[in-house]
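Note that this is a predicted model, so its numbers are computed, not measured.
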Amino acid sequence: MDLGEDSGRLGSLPTTTSRTMSSSSSAFFSANQSPFFSPRSSTCQLSESARFDVQCDSTNLSADPSSSSSGIPDPECLANVGFAVSDESLMPAACVSSDFLKFDYSSCTYGHLHDNGFSGIIEKHRRHIRSHDMMFSPVPISLSSYQQSSYDIYIGLHGRKPSLLRFTNWLRAELEVQGMSCFVSDRARFRNSRKHGRIERAMDASSFGVLILTKKSFRNPYTIEELRFFSSKKNLVPIYFDLNMGDCLVRDIVEKRGELWEKHGGELWISYGGLEKEWKEAVNGLVQADAWKLEALEGCWRDCILRAVTYLAMRLGRRSVVDRLTKWREKVDKEEFPFPRNENFIGRKKELSELEFILFGDISGESERDYFELKARSKRKHLTIGWSKSRSLEERRRECNWENGSRKGKEPVIWKESEKEIEMQSTERQRYHRPRSSGRNSRRKRPAKFIYGKGIACVTGDSGIGKTELLLEFAYRYHQRYKMVLWIGGESRYIRQNYLNLWSFLDVDVRVENGIDKRRMKSFEEQEEAAISRVRKELMRNIPFLVVIDNLESEKDWWDQKFVMDLLPRFGGETHILISTRLPRVMNLEPLKLSYLSGVEAMSLMQGSVKDYPIAEIDVLRVIEEKVGRLTLGLAIVGAILSELPINPSRLLDTINRLPSRDFSWSGREAHSLRKNTFLLQLFEVCFSIFDHADGPRCLATRMVQVSGWFAPAAIPVSLLALAAHKIPEKHKGTRFWRKLLRSLTCGFSSCYSKRFESEASSMLLRFNLARSSTKEGYIHFNKVIRMYARRRGVTGVSHAMVQAVVSHASLSHHSEHIWAACFLLFGFGNDPTVVELRVSELLYIVKEVILPLAIRTFMVFSRCSAALELLRLCTDALEAADQAFVTPVEKWLDRSLCWGPIRTNAQLNPCLWQELALTRATVLETRAKLMLRGGQFDIGDDLIRKAIFIRNSISGEDHPDTVSARETLSKLTRLLANVQAHTSP
């Protein structure tokens, strides 16, 4: 992989001023002053002795090689790195990064934190350094000297616990993103007095000293010295990591009071040969800083870090930072999660613990007790995550070398990324002994390709088994370990738009670039990739996010067949990715197969609020459990029916069996589970019968379920859903007149009654678990299974009712996904047929009020050029088909022999409507031409604008303002096209 390709994939943090250090320009010592806090670079040379001195006498708080492809540095990172040339002009190979989290104390190089043990043996240091010398090919470069005179924040810590390093890395990155320069140090890792002197100068030059205190910090002489130093300067900011502020009392520590200090307390100054008076003075100094009250306990990391950043920004006079964080937190509190937490969540302890282990590489807290029956899984020799079917010669040669010999100990994992694959290849090859016996049963089962601690997990299972519930519970349980949970719907038609919608949380500009006046104009594909890369780059910072992709339908995007992997940040970073899908395998990963609930858990879910059933009824519940396929969705609906109605399980089972099953023509992989589970569909019919019995055959709740299948797979406003339900045509048309008359007489009370009916209907759907509530007020969400069944069950005219409701009342900024769903029904994208046919007047209204604004917003705001242009192309085809129908002679209703004058067309019968149709088509053509102008497709744009000018000349005349505007666009296209031809001609 070349340098440009690697930097484009990995990205880097933006640069700022000397006081506003970026995350890539500040590596522990902010990478500007210290020769021993070096950025990750494979382009530096150093002699063996000098390299060993630098790497082993310094704490290199940076990333392992797994965060860079083949050790290739990021040019933006290198551009902002400076060193004191008088001390050391050349830095060791494989040492460029601002990633403080994944440094390895055992080797002072870049072994992975989760995969490598912690050992201080010098001989292992030398072996590890030699292995890095072989892996990286250093190239000498010259680095400019730069000296930073002051820092905003000094961060001190002591320890090598993974959670502590993860927390510190997040804190540093968050401070630097907000424009505060940081110096991070664990002074106990250094043995060189010169380097200690530099750290002390950085401490003295820092405005505030943030010390992260653990139970082991009080036996560290450097932490005690830092406490005394910053306490004397009145700028100490203590953060208690896995500690309470009230635990850190001198008397309790010395006398070993409490469970915490029984093991870690005592006369701790003796352990390092210090003075009792100085130690007590340092610990008592924490009382002076008790106003901060920053406690980083297991369940409040996010709150602690954001409070720390807010307080420090206020003390530094950064009021804009405080305002920005306040607005961001208000937005996150309202929009972070799509659904409220399920307070009645049952079971899945094993799955939750295993997900934590897969993502973090370790487990802690309550999850450690729940982590049972999880066996160690063997590692793969060679694991490829991607779709590459061949290996390079270099890979085969490396594999042959490993076959000739083996190495002991754990060694780092290198991640290689390219456009076609993400490959994880361990530098250690495990020996694999084949069984000596031969035959059919002698073949070993292939080990599962679980990747622990690499930040990606995939959950698979049947529809309705509870995948979304599991992901939601995990997100709520561990959300404090992330800055934010980013929930993305994984449906193939909407996943890219859902991904780009993250811009508002990440504060990223994904708008299309204005490249007309630049020397080189980007193509549409390049502009789309640029927008996606901006979002991906934000997710590749050292700030942890949890990206949840719920219900991933396909590994490829529906629009351009590109792999969904291209949207995701690199694996192994701070951002974790959690996927739920019905696919058996995603990205060549072995997913976590979600099993059914246990018998006890399923019984608890079905019994609901009624717990005293006799033995016979319990046996009936077990029969229902088996008949419903043990799906969590079906069990929850059964429990809701038994809780809401005075009915016992026997009667419910008899009612379900007596209902006739509807005969549908099922197709597709998703419908397979429904086709074989007719009992679940009969259970749905029981719910509809209950609704109809309560409110009559025109029950609003039943019609809301019917119309929900045509909306987008997102939360639906109850008002919009009810409006579409009201527009469903009635079976008995004779009563329509009387209903209209009744509405006209009670128009003053209609809004009040309609809102009450909407509220009652949505409440009924939520109580019977046919819908689930959303964190957005006034929105509800339907399960994929229910939506699919409703779409098959719906009567004639339901899709048309949905389109009418969306077109008339949907908001482009709030309901764009549902507007897109209506467009799919109107124009038949891809191989899909056109579902809804419109009259010409309706089509003109939709094009002007919906299609054009949607296409322009999609193109300009989200850089989704292909989708917007395809929508306008299909819209043009629909307008041309309508125009063709207008100029076709009308059908004669009398015999040709009768002389009633010449045969006329619809255009002659309704000239005003025909002219409006033609002018609307001209507007769409002009819009397409202007968008083609932004993508460099001048020839196509020239053809489109000429058609628009011809139409406007024929109807409006040459002097009309719209015609003049179109001619100006044509002249611009002609000039640009001539320039292109001039540059490309030989």
Side-chain angles (χ1 to χ4, degrees), residues 512 514-517 521 807-808 812 819 823 826-827 838-861 865 868-890 902 904-981:
V512 67
N514 186 9
I516 297 178
D517 300 328
M521 185 172 295
V807 167
S808 58
L812 185 60
I819 297 178
C823 293
L826 287 172
F827 300 120
L838 298 175
R839 296 193 300 269
V840 175
S841 58
E842 295 174 335
L843 178 61
L844 293 178
Y845 175 82
I846 290 177
V847 170
K848 293 178 182 178
E849 303 297 329
V850 178
I851 304 300
L852 285 174
L854 176 64
I856 294 173
R857 183 174 184 267
T858 302
F859 189 100
M860 301 300 297
V861 178
C865 308
L869 293 174
E870 179 66 11
L871 175 61
L872 292 177
R873 186 189 68 81
L874 294 175
C875 178
T876 304
D877 294 343
L879 292 173
E880 290 178 352
D883 183 79
Q884 187 65 29
F886 254 79
V887 298
T888 302
V890 297
R904 308 182 69 183
T905 63
N906 282 325
Q908 293 172 319
L909 295 174
N910 197 342
C912 294
L913 185 61
W914 177 76
Q915 290 182 6
E916 185 179 359
L917 174 62
L919 292 176
T920 302
R921 186 158 65 96
T923 302
V924 175
L925 290 171
E926 184 181 11
T927 303
R928 291 176 62 192
K930 290 181 178 179
L931 296 183
M932 292 295 177
L933 186 65
R934 290 183 168 269
Q937 298 188 10
F938 306 130
D939 51 347
I940 301 177
D942 183 85
D943 181 63
L944 293 172
I945 196 63
R946 290 182 186 277
K947 293 180 180 179
I949 292 173
F950 175 77
I951 295 173
R952 287 181 173 166
N953 275 336
S954 303
I955 297 177
S956 303
E958 296 182 357
D959 299 330
H960 193 274
D962 292 339
T963 309
V964 174
S965 175
R967 289 190 179 277
E968 292 176 356
T969 304
L970 175 61
S971 62
K972 192 171 188 178
L973 279 166
T974 304
R975 184 177 66 254
L976 292 173
L977 185 60
N979 292 338
V980 171
Q981 292 174 350

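For the atom pair CD1 (I819) and CZ (R857), the distance works out to 8.5 Å, reported to the nearest 0.5 Å. Summarising the geometry, atom SG belonging to C875 is positioned 9.5 Å from atom CD1 belonging to I846; distances are rounded to the nearest 0.5 Å. Rounding to the nearest 0.5 Å gives a distance of 12.0 Å between CZ of R934 and CG of L869. Note that OG of S956 is 12.5 Å distant from CD1 of I949, once rounded to the nearest 0.5 Å. Considering CZ of R921 and CG of D883, their distance stands at 5.0 Å, rounded to 0.5 Å. Here CD of Q884 is found 9.5 Å from CD of E880. Values are rounded to the nearest 0.5 Å.
Side-chain contact between I951 and L925 is present, with heavy atoms from C-beta onward closer than 4.5 Å. A 4.5 Å side-chain heavy-atom check between N953 and R967 finds at least one atom pair inside the cut-off. Within the 4.5 Å cutoff, no side-chain heavy atoms of L874 are placed close to those of L826. For the pair F827/I851, a side-chain contact is recorded, criterion being any heavy-atom separation below 4.5 Å from C-beta on. Put simply, the side chain of T974 does not reach to within 4.5 Å of the side chain of F938, judged on heavy atoms. Residues L854 and C823 have side chains in contact (heavy-atom distance under 4.5 Å, counting atoms from C-beta outward).
For the side chain to side chain donor-acceptor pair (under 3.5 Å) condition, the pairs that include at least one residue of residues 841-855, sequence neighbours left out, are R839-E842, K848-E916.
Panel note: side chain S965, backbone P961; no donor-acceptor pair is recorded below 3.5 Å. Of the possible polar contacts, one joining the T963 side chain to the G957 backbone as a donor-acceptor pair under 3.5 Å is found. A donor-acceptor distance shorter than 3.5 angstrom exists from the side chain of T876 to the backbone of L872, with no hydrogens or angles considered.
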Assess whether side chain to side chain contact (heavy atoms under 4.5 Å, CB included) is satisfied between R952 and T923, documenting all intermediate values.
-> CA-CA 9 Å; R952 287 181 173 166; T923 302; 3.3 Å; yes
Begin with the C-alpha distance, continue with both residues' side-chain angles, and end with the deciding distance and a verdict on side chain to side chain contact (heavy atoms under 4.5 Å, CB included) for V840 and L913.
-> CA-CA 8 Å; V840 175; L913 185 61; 4.2 Å; yes
Could you go through the side chain to side chain contact (heavy atoms under 4.5 Å, CB included) check for L973 and D939 one step at a time?
-> CA-CA 8 Å; L973 279 166; D939 51 347; over 6 Å; no
Passes side chain to side chain contact (heavy atoms under 4.5 Å, CB included), L970 versus D942? Steps please.
-> CA-CA 6 Å; L970 175 61; D942 183 85; 3.3 Å; yes
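Heavy-atom minimum distance, A855 versus A868: O-CB, 3.4 Å. Between A918 and I955, the closest heavy-atom pair is CB-CD1, 3.4 Å. A966 and I945 get closest at one heavy-atom pair: O-CG1, 3.5 Å. Taking each heavy atom of G941 and A929 in turn, the nearest pair found is O-CB, 3.5 Å.
The existence of a salt bridge linking K930 and E926 is confirmed by a sub-4.0 Å separation between a basic side-chain nitrogen and an acidic carboxylate oxygen.
Every residue two or more places apart in sequence or in another chain that forms a side-chain hydrogen bond (donor to acceptor under 3.5 Å, both in side chains) with E870 is listed here: R873. Judged as a salt bridge (charged side-chain N to carboxylate O under 4.0 Å, His left out), and not counting sequence neighbours, R975 has no contacts.
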